[in-house]
Amino acid sequence: MVFAAVVSPHHEPLALICTVCWLWFHLFQFNVSNQSYSADEDMMNKPWRPISSGRMSVQDARALRWGLVVICLGLSFLFSSNVLITSMVSTMIMIVYDDFHLSNHPIFKTLCNVAAYVTGGVGCSLILWESSLDGTSIKAFSCSALVILLTIHAQDFPDINGDRKSGRRTLPIVAPEGSRVYMLCVLPLLSLALTSVWSLGPLCSIFFVSIGSWVGLRYFLFRD
């Protein structure tokens, strides 16, 4: 949503509200689907979630998930055919990720996450633009996809115990020390590369790289 708003030349309040609603329903759809398949590990990693806490059954969650598929596709149809196609692609990503268990494969899990983030951003941009994307938008989403591809495993650090219980082989489990050294190095390097791609000034570049370095240092130092 943030990327879409930045690269869009239009910022009408109604379009922004519609974009937020579209994104909210699609994120809701993804979360319900994902949590309906991760109840066991959530009991260890995130016991406050509805299914793992017993407030909702797996069957009810999956019924809600398929209802949300219809809602998301119908909502996308109201905007344009391109938004509808984006929603359909997003739904297919969700299905192969959860129903075909690609979430258990380290490489395909990463690729599905990248695709999900990019389709979400593209859908938001198409609603804001009310047309196809321009070169700047494509460049921005390409950079975003690269950053997500190289750093998505950062979300696996808090879930090591649950992932190990479910048999997943995430990077923090396979390489507990190397994965942290990797984050320490890749975040400053990515930040430096992005300052060059977008031709940031000296002060903005220093600030941007400093933030990336600080986040990378935190991943390396904080182990709990």
Side-chain angles (χ1 to χ4, degrees), residues 1-31 68-97 102 107-155 186-213 215:
M1 175 63 195
V2 174
F3 293 129
V6 169
V7 299
S8 173
H10 309 294
H11 298 95
E12 288 85 359
L14 180 59
L16 287 171
I17 293 172
C18 290
T19 304
V20 170
C21 290
W22 184 90
L23 182 61
W24 186 90
F25 274 107
H26 281 77
L27 288 175
F28 189 25
Q29 174 189 12
F30 268 104
N31 280 314
L68 286 168
V69 170
V70 176
I71 292 174
C72 288
L73 292 175
L75 183 63
S76 301
F77 177 77
L78 297 177
F79 293 109
S80 69
S81 58
N82 286 335
V83 177
L84 177 60
I85 292 172
T86 303
S87 182
M88 292 171 65
V89 172
S90 178
T91 300
M92 291 304 301
I93 294 169
M94 176 190 69
I95 291 173
V96 298
Y97 185 83
L102 292 189
I107 295 177
F108 288 119
K109 175 185 178 182
T110 297
L111 294 177
C112 285
N113 274 283
V114 172
Y117 276 103
V118 172
T119 52
V122 169
C124 291
S125 292
L126 290 172
I127 296 173
L128 287 173
W129 277 76
E130 299 180 353
S131 63
S132 59
L133 305 180
D134 67 352
T136 301
S137 298
I138 295 173
K139 178 181 175 181
F141 286 120
S142 298
C143 291
S144 176
L146 180 63
V147 171
I148 295 168
L149 177 67
L150 297 178
T151 61
I152 191 63
H153 71 275
Q155 66 181 358
V186 76
L187 286 174
L189 291 175
L190 281 174
S191 302
L192 185 62
L194 289 172
T195 61
S196 176
V197 169
W198 295 104
S199 303
L200 298 185
L203 291 179
C204 290
S205 296
I206 292 172
F207 180 69
F208 192 67
V209 174
S210 297
I211 292 177
S213 302
V215 174

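The analysis underlying the following values was restricted to heavy atoms, covering all of them including side chains, and did not include hydrogens, waters or symmetry mates.
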Output for pair (His26 NE2, Met94 CE), nearest 0.5 Å, gives 9.5 Å
**Message:** Using side-chain contact (heavy atoms from CB on, under 4.5 Å), reason through Thr136 and Trp198 one step at a time and then give a plain yes or no.
**Reply:** CA-CA 10 Å; Thr136 301; Trp198 295 104; 4.2 Å; yes
Scanning both residues in full, the closest heavy-atom pair of Ser76 with Ser87 reads OG-CB, 3.0 Å
So salt bridge (Lys or Arg N to Asp or Glu O under 4.0 Å) across residues 81-95, not counting sequence neighbours, yields none
Interatomic distance, CZ@Phe28 vs CD1@Ile71, rounded to 0.5 Å, equals 8.5 Å
Between the side chain of Ser144 and the main-chain N/O of Ala140, is any donor-acceptor distance below 3.5 Å?
-> no
Would you check, one step at a time, whether the test side-chain contact (heavy atoms from CB on, under 4.5 Å) holds for Thr151 with Val186?
CA-CA 8 Å; Thr151 61; Val186 76; 4.2 Å; yes
(Q) Pair Phe207, Leu203 - check side-chain contact (heavy atoms from CB on, under 4.5 Å), show working. (A) CA-CA 6 Å; Phe207 180 69; Leu203 291 179; over 6 Å; no
Rounded to the nearest 0.5 angstrom, the CG-CG distance for Leu149 and Leu190 is 10.0 Å
In terms of heavy-atom contacts, Val122 and Thr86 come closest through CG1-OG1, 4.2 Å
Rounded to the nearest 0.5 angstrom, the CZ-CG distance for Phe208 and Leu200 is 7.0 Å
* Consider only side-chain N and O atoms of Asn113 and Thr110, and report whether a donor and an acceptor are under 3.5 Å apart. => no
- Query: Taking the side chain as C-beta and beyond, is there a heavy-atom pair between Ile211 and Ser191 under 4.5 Å?
  - Reply: no
Value for CD1 (Ile148) from CG (Leu111), rounded to nearest 0.5 Å, stands at 12.0 Å
**Study point:** Ile17 and Val20: CA distance, side-chain angles, deciding distance, side-chain contact (heavy atoms from CB on, under 4.5 Å) verdict
**Key:** CA-CA 5 Å; Ile17 293 172; Val20 170; 5.8 Å; no
Given side chains that start at C-beta, do those of Met88 and Thr91 come closer than 4.5 Å, heavy atoms only? no
For Leu68 and Gln29 the tightest heavy-atom approach is CD1-CA, 3.9 Å
All heavy atoms of Thr19 vs all of Cys124, minimum pair found to be CG2-CB, 3.4 Å
Heavy-atom nearest pair, Leu84 first then Phe77, reads CD2-CD1, 4.0 Å
Q.
Just so I know, are the side chains of Leu192 and Ser196 near enough to count as touching, which here means a heavy-atom distance under 4.5 Å?
A. no
For Ser90 and Phe30, the nearest pair of non-hydrogen atoms, with its separation, is OG-CE1, 3.0 Å
To the nearest 0.5 Å, atom OG of Ser80 lies from atom CD1 of Ile85 at 8.5 Å
Taking the side chain as C-beta and beyond, is there a heavy-atom pair between Trp22 and Val83 under 4.5 Å?
-> yes
